[in-house]
Engineer: 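The structure's right below; bear with me while I get my questions together.
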Amino acid sequence: MRADIVVLPGDGIGPEVTTAAVAVLKAVGKRHGHEFRFTEHLIGGAAIDATGEPLPSATLDAARKADAVLLGAVGGPQWSDPKAKVRPEQGLLAIRKALGLYANLRPVKPHSVALGASPIKPHLLQGVDLIVVRELTGGIYFGDKTRSADSASDLCTYSVGEIERVVRRACELARTRRGKVTSVDKANVLETSRLWREVATRVVAEEFPDITLEHQLVDSMAMHLLAKPREYDVIVTENMFGDILTDEASMLAGSLGLLPSASLGEGRVGLYEPIHGSAPDIAGKGIANPYATILSAAMLLRHSLGLEVEAACIELAVDKALDAGVHTADIASAGRAANTAAATAAVLEQLQAHCYVAELRD
Ligand code: IPM
Ligand code: MG
């Protein structure tokens with residue numbers, strides 16, 4: 001198959017991790033006979049420096065025409081002045097919104113390496129396999145903002161339609177898994193959460209009677225996520241709760257550097273990015289963990305291009321690289337860290353060794 005993939009390296013370690021993921025995609029393309037075309041564009045702080053805008057129209061136009069978008073990370077201290085008119089993060093929020101990517105899938109399935117790297121007790125991590133579906137284009141992130149000399153406000157709004165579509169997406173996903181959805185809100189305090197709960201209950205009753213739905217308040221969810229993570233299958237929640245809970249959930253996997261994400265809308269084009277940020281403290285040193293972005297590339301193949309076998313190949317190769325002890329500094333035991341290039345090379349090597357599926361299939 002042929003596919004146009006727009007690559008948005010962004011800031012900090014973004015270019016290092018997207019370079020790694022593109023190398024892996026190229027190898028998979030070659031091995032399985034696909035023609036992937038990559039075009040790089042600006043986003044975030046890099047785009048502000050070059051054009052004055054965090055999401056230049058050339059980037060958005062290219063993304064709209066592409067089959068999929070692979071993104072590194074945005075942000076950094078040089079653009080963090082609270083008084084700045086434009087911020088790198090606006091680029092990310094704007095592209096999510098413009099492409100209508102309302103469902104952000106963040107799977108968490110700890111590799112055995114997590115048993116050592118995670119601050120959570122190993123017996124709690126065994127068998128954890130959950131996915132957070134975070135609403136991505138609504139809520140407090142996108143509501144009106146005001147600022148005066150002595151006060152500020154951020155409006156949180158959700159419509160019935162916005163809740164329905166993301167709950168549906170979560171339920172459809174749950175059908176391919178263990179059939180359980182946990183909807184997270186703060187219905188004891190927030191009106192948007194009361195609407196969320198009502199709509200989630202109705203959608204499941206009317207359209208997904210086979211799904212087991214439970215509701216959880218976000219504060220207790222934050223606790224249960226660490227105390228009994230194995231109990232969760234699909235967790236669906238609004239934008240900001242999802243942002244916070246997924247950083248927390250990353251600790252189950254041992255590191256932010258291992259978690260991929262897919263942002264999907266109604267169309268085919270999706271945006272794929274690691275859940276970690278631009279890590280300016282280690283940028284340019286060649287030591288960033290590329291696995292989360294490589295795993296995001298696997299999600300790209302699965303969700304935007306329908307290449308399930310190829311996606312599974314990448315996931316297997318990352319698993320094997322981790323098994324083989326190729327651990328970057330964020331997950332390594334003291335003194336034995338692999339750098340970005342070594343981790344990428346390990347994945348490429350494991351692809352060679354294990355991904356013969358295409359030949360068998362063809
Ligand atoms: C994420 C990030 C972004 C978010 C930031 C960089 C705007 O934290 O993707 O989780 O809050 O959505
Ligand atoms: Mg976040």
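Start at 1 and go down the list; that is how both ligands and their atoms are numbered. Computed from a prediction, not measured in an experiment: that's the story for all the values here.
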Engineer: Tell me, which protein residue and heavy-atom name are nearest atom 11 (O) of ligand 1, and how many Å apart are they?
Structural biologist: Y141 OH, 2.5 Å
Engineer: Yes or no: does R134 have any heavy atom under 4.0 Å from an atom of ligand 1?
Structural biologist: yes
Engineer: Measure from atom 1 (C) of ligand 1 to every heavy atom in E273, H276, Q90, R106 and give the option owning the shortest one.
Structural biologist: R106
Engineer: Can you name the nearest heavy-atom pair linking E214 to Y232, along with the distance?
Structural biologist: OE2-CE2, 3.5 Å
Engineer: Is the closest basic N to carboxylate O distance between E191 and R194 below 4.0 Å?
Structural biologist: yes
Engineer: Take atom NZ in K85; do more than 12 heavy atoms of anything else shown fall under 6.0 Å from it?
Structural biologist: no
Engineer: State the count of protein N/O/S atoms located less than 2.8 Å away from the Mg ion (ligand 2).
Structural biologist: 1
Engineer: Have a look at E89, M240, R96 and point out the one with the heavy atom closest to atom 6 (C) of ligand 1.
Structural biologist: E89
Engineer: Please report which non-hydrogen protein atom sits nearest to atom 10 (O) of ligand 1, along with the residue it belongs to and the distance in Å to one decimal place.
Structural biologist: D243 OD1, 2.9 Å
Engineer: Looking at E207 and R202, is any side-chain nitrogen of the basic one under 4.0 Å from a carboxylate oxygen of the acidic one?
Structural biologist: no
Engineer: Flag the pair K109 and E315 as a salt bridge only when some basic side-chain nitrogen lies within less than 4.0 angstrom of an acidic carboxylate oxygen.
Structural biologist: no
Engineer: Is it true that a side-chain atom of T246 and a backbone atom of D243 form a donor plus acceptor pair closer than 3.5 Å?
Structural biologist: yes
Engineer: Could you pull out the closest heavy-atom pair between T344 and T340, with the gap in Å?
Structural biologist: OG1-O, 2.7 Å
Engineer: Start with the C-alpha gap between R175 and D210, add the side-chain angles, then the distance that decides, and say whether salt bridge (Lys or Arg N to Asp or Glu O under 4.0 Å) holds.
Structural biologist: CA-CA 8 Å; R175 274 188 175 155; D210 50 317; 2.7 Å; yes
